[in-house]
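Only one structure is covered here, and it is reproduced in the block below.
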Amino acid sequence: MPEGPEIRRAADSLEKAIQDKPLTEVWFAYPELSSYAPDLIGQHVTHVETRGKALLTHFSGGLTLYSHNQLYGVWRVVNAGEMPDTTRVLRVKLQTADKAILLYSASDIEMLTPEQVKTHPFLLRVGPDVLDRALTPEAVKARLLSAKFRNRQFSGLLLDQAFLAGLGNYLRVEILWQVRLTGNHKASQLDEQQLEALSHALLDIPRLSYNTRGQVDDNKHHGALFSFKVFHRDGEACERCGGIIEKTMLSSRPFYWCPGCQH
């Protein structure tokens with residue numbers, strides 16, 4: 001399942017395609033959404049917001065399209081009038097004069113008023129988004145030490161969207177490797193130095209992934225690009241200590257770690 005950085009990059013591509021352009025065609029597969037289509041013609045998408053793995057497509061008239069891709073949903077950007085050759089089921093089409101964005105296979109889709117955005121159950125439940133530039137390491141540290149989260153093992157905590165939205169399995173294992181901790185650790189067990197390192201890594205690694213993953217580093221002066229240190233690297237040597245990376249299951253998800261330097 002895509003994690004926060006991938007969802008945000010998808011939102012960027014949707015914005016680039018249709019933001020601030022009048023909508024010429026709007027189509028929804030679900031009858032409860034179809035009644036909104038006529039009023040959306042001529043409006044424009046002001047921005048596409050991410051809350052963890054949910055997308056909020058905001059329209060100039062004040063309504064917001066909520067969508068969560070879950071396991072199978074995917075957005076596509078195409079030229080106006082094009083329809084990809086796919087076996088996926090189309091759920092949403094928003095088209096402008098030159099581009100269209102298409103949502104396939106998702107089942108969790110709603111149209112919300114501003115008031116409903118504030119009270120939506122999923123949006124109320126999710127924690128701060130790791131890609132929100134207003135979120136600071138100090139705020140993350142406070143969440144780690146809060147009564148709600150301080151005694152939770154990181155194996156489950158770092159997958160819980162109520163803690164921080166946008167984290168997922170590859171980010172979980174890469175963050176814990178970076179700070180030399182295991183999935184069995186808890187914030188209540190850490191010293192000040194470990195808490196500081198973890199608070200920064202919980203933001204730095206997702207943001208590095210968003211900014212650089214998939215790019216080639218042709219200029220080393222611009223800093224390191226994101227690369228997997230342990231994820232899907234079981235049986236390989238750890239680049240930090242030379243130990244052999246292992247794979248196990250934690251919180252029902254594959255977990256990769258180096259016993260040599262994570263303890």
Side-chain angles (χ1 to χ4, degrees), residues 1-132 134 160-162 165-166 168 210:
M1 181 185 292
E3 302 181 23
E6 291 71 45
I7 299 295
R8 184 59 251 177
R9 281 198 296 271
D12 291 345
S13 69
L14 300 182
E15 284 187 340
K16 183 178 179 181
I18 70 166
Q19 186 177 24
D20 295 330
K21 302 174 183 177
L23 294 168
T24 59
E25 183 180 343
V26 177
W27 180 86
F28 299 108
Y30 298 124
E32 61 269 26
L33 297 177
S34 297
S35 60
Y36 294 100
D39 289 338
L40 292 174
I41 300 295
Q43 293 189 33
H44 60 269
V45 171
T46 61
H47 62 293
V48 181
E49 180 185 359
T50 56
R51 303 270 189 99
K53 300 174 185 180
L55 260 66
L56 299 175
T57 304
H58 296 284
F59 299 100
S60 56
L63 292 175
T64 295
L65 182 68
Y66 166 92
S67 62
H68 194 298
N69 285 2
Q70 298 175 308
L71 286 176
Y72 303 111
V74 61
W75 283 95
R76 293 281 185 260
V77 176
V78 298
N79 291 325
E82 285 186 0
M83 291 301 291
D85 183 13
T86 177
T87 57
R88 290 179 176 273
V89 179
L90 183 64
R91 304 298 194 192
V92 176
K93 178 180 182 180
L94 303 176
Q95 182 168 293
T96 66
D98 62 337
K99 296 287 183 180
I101 61 173
L102 311 173
L103 176 57
Y104 287 95
S105 304
S107 57
D108 192 2
I109 308 170
E110 301 175 60
M111 192 69 73
L112 306 176
T113 65
E115 293 73 24
Q116 289 170 327
V117 169
K118 295 176 184 177
T119 59
H120 190 277
F122 177 85
L123 299 177
L124 282 177
R125 189 168 67 249
V126 296
D129 194 296
V130 290
L131 297 180
D132 182 352
D160 186 350
Q161 299 301 290
Y210 165 67

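Excluded from the calculations below are hydrogen atoms, water molecules and symmetry mates; all remaining heavy atoms, backbone and side chain alike, are included. Starting from 1, each residue takes its place in the sequence as its number.
Ring planes of His68 and Phe122: perpendicular class, angle over 60° (limits at 30 and 60°).
Here the closest heavy-atom approach between residue Ala11 and residue Val48 is recorded as CB-CG1, 3.7 Å. Shortest non-hydrogen contact noted between Ala97 and Ala80 is O-CB, 3.6 Å. Nearest heavy atom pair, residue Leu102 against residue Pro84, reads CD1-CD, 3.6 Å. Nearest heavy-atom pair, Glu110 versus Asp108, reported as atom, atom and distance to 0.1 Å: OE2-OD1, 4.0 Å. Considering all non-hydrogen atoms of both residues, Met111 and Leu40 come closest at CE-CD1, 3.9 Å. Nearest heavy atom pair, residue Ile7 against residue Leu55, reads CG2-CD1, 3.0 Å.
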ask   = Run the ring-ring contact (aromatic ring centres under 6.0 Å, His included) check on Phe59 and His44 step by step: do they pass?
value = CA-CA 6 Å; Phe59 299 100; His44 60 269; 9.5 Å; no
key: Gln95/Val26 under side-chain contact (heavy atoms from CB on, under 4.5 Å): CA gap, chis, key distance, verdict   = CA-CA 6 Å; Gln95 182 168 293; Val26 177; over 6 Å; no
message = Apply side-chain contact (heavy atoms from CB on, under 4.5 Å) to residues Arg51 and Leu56 and explain how you reach the verdict.
response = CA-CA 8 Å; Arg51 303 270 189 99; Leu56 299 175; 3.8 Å; yes
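Here the side chains of Ile18 and Leu94 are in contact, with some heavy-atom distance below 4.5 Å. A 4.5 Å side-chain heavy-atom check between Leu63 and Tyr36 finds at least one atom pair inside the cut-off. Between Asn79 and Lys99, some side-chain heavy-atom pair lies under the 4.5 Å cut-off. A 4.5 Å side-chain heavy-atom check between Asp98 and Lys21 finds at least one atom pair inside the cut-off. Considering only heavy atoms from C-beta on, Val130 stays 4.5 Å or farther from Tyr210 through its side chain. In this structure, the side chains of Leu65 and Phe28 come closer than 4.5 Å at one or more pairs of heavy atoms. At a threshold of 4.5 Å between non-hydrogen side-chain atoms, the residues Arg91 and Tyr104 do not count as touching. A heavy-atom distance below 4.5 Å is found between the side chains of His120 and Leu112.
Put simply, CD on Glu49 and CG on Leu123 are 8.0 Å apart, with the number rounded to the nearest 0.5 Å. The distance from atom CG of Leu23 to atom CD1 of Ile41, rounded to the nearest 0.5 Å, is 6.5 Å. Separation of atoms OG1 (Thr86) and CZ (Arg88) is listed at 6.0 Å; rounding is to 0.5 Å. Interatomic distance, CZ of Arg9 versus CG of Leu131, reported as 9.5 Å (0.5 Å rounding).
Checked by atom type and distance alone, the side chain of Thr50 never pairs as donor or acceptor with a backbone atom of Gly52 at under 3.5 Å. Put simply, the side chain of Glu3 gets close to the backbone of Gly168: a donor and an acceptor are under 3.5 Å apart. A donor-acceptor pair is defined here as one N or O able to donate and one able to accept, closer than 3.5 Å; no such pair exists between the side chain of Glu15 and the backbone of His47. Checking side-chain atoms of Arg125 against main-chain N and O of Ala162 turns up no donor-acceptor pair under 3.5 Å. Looking only at distances, a side-chain donor or acceptor of Ser34 sits under 3.5 Å from a matching main-chain atom of Tyr30. Put simply, the side chain of Gln19 gets close to the backbone of Thr46: a donor and an acceptor are under 3.5 Å apart.
Remark: the Asn69 side chain and the Ser67 side chain contain no N/O donor-acceptor pair separated by less than 3.5 Å.
Salt bridge absent: Lys53 and Glu6 never bring a charged side-chain N and a carboxylate O closer than 4.0 Å. Electrostatic pairing of Asp12 and Lys16 does not count as a salt bridge here, judged by no charged N lying under 4.0 Å from a carboxylate O. Ion pairing between a basic and an acidic side chain is recognised when a charged N comes within 4.0 Å of a carboxylate O; Arg8 and Asp129 show no such pairing.
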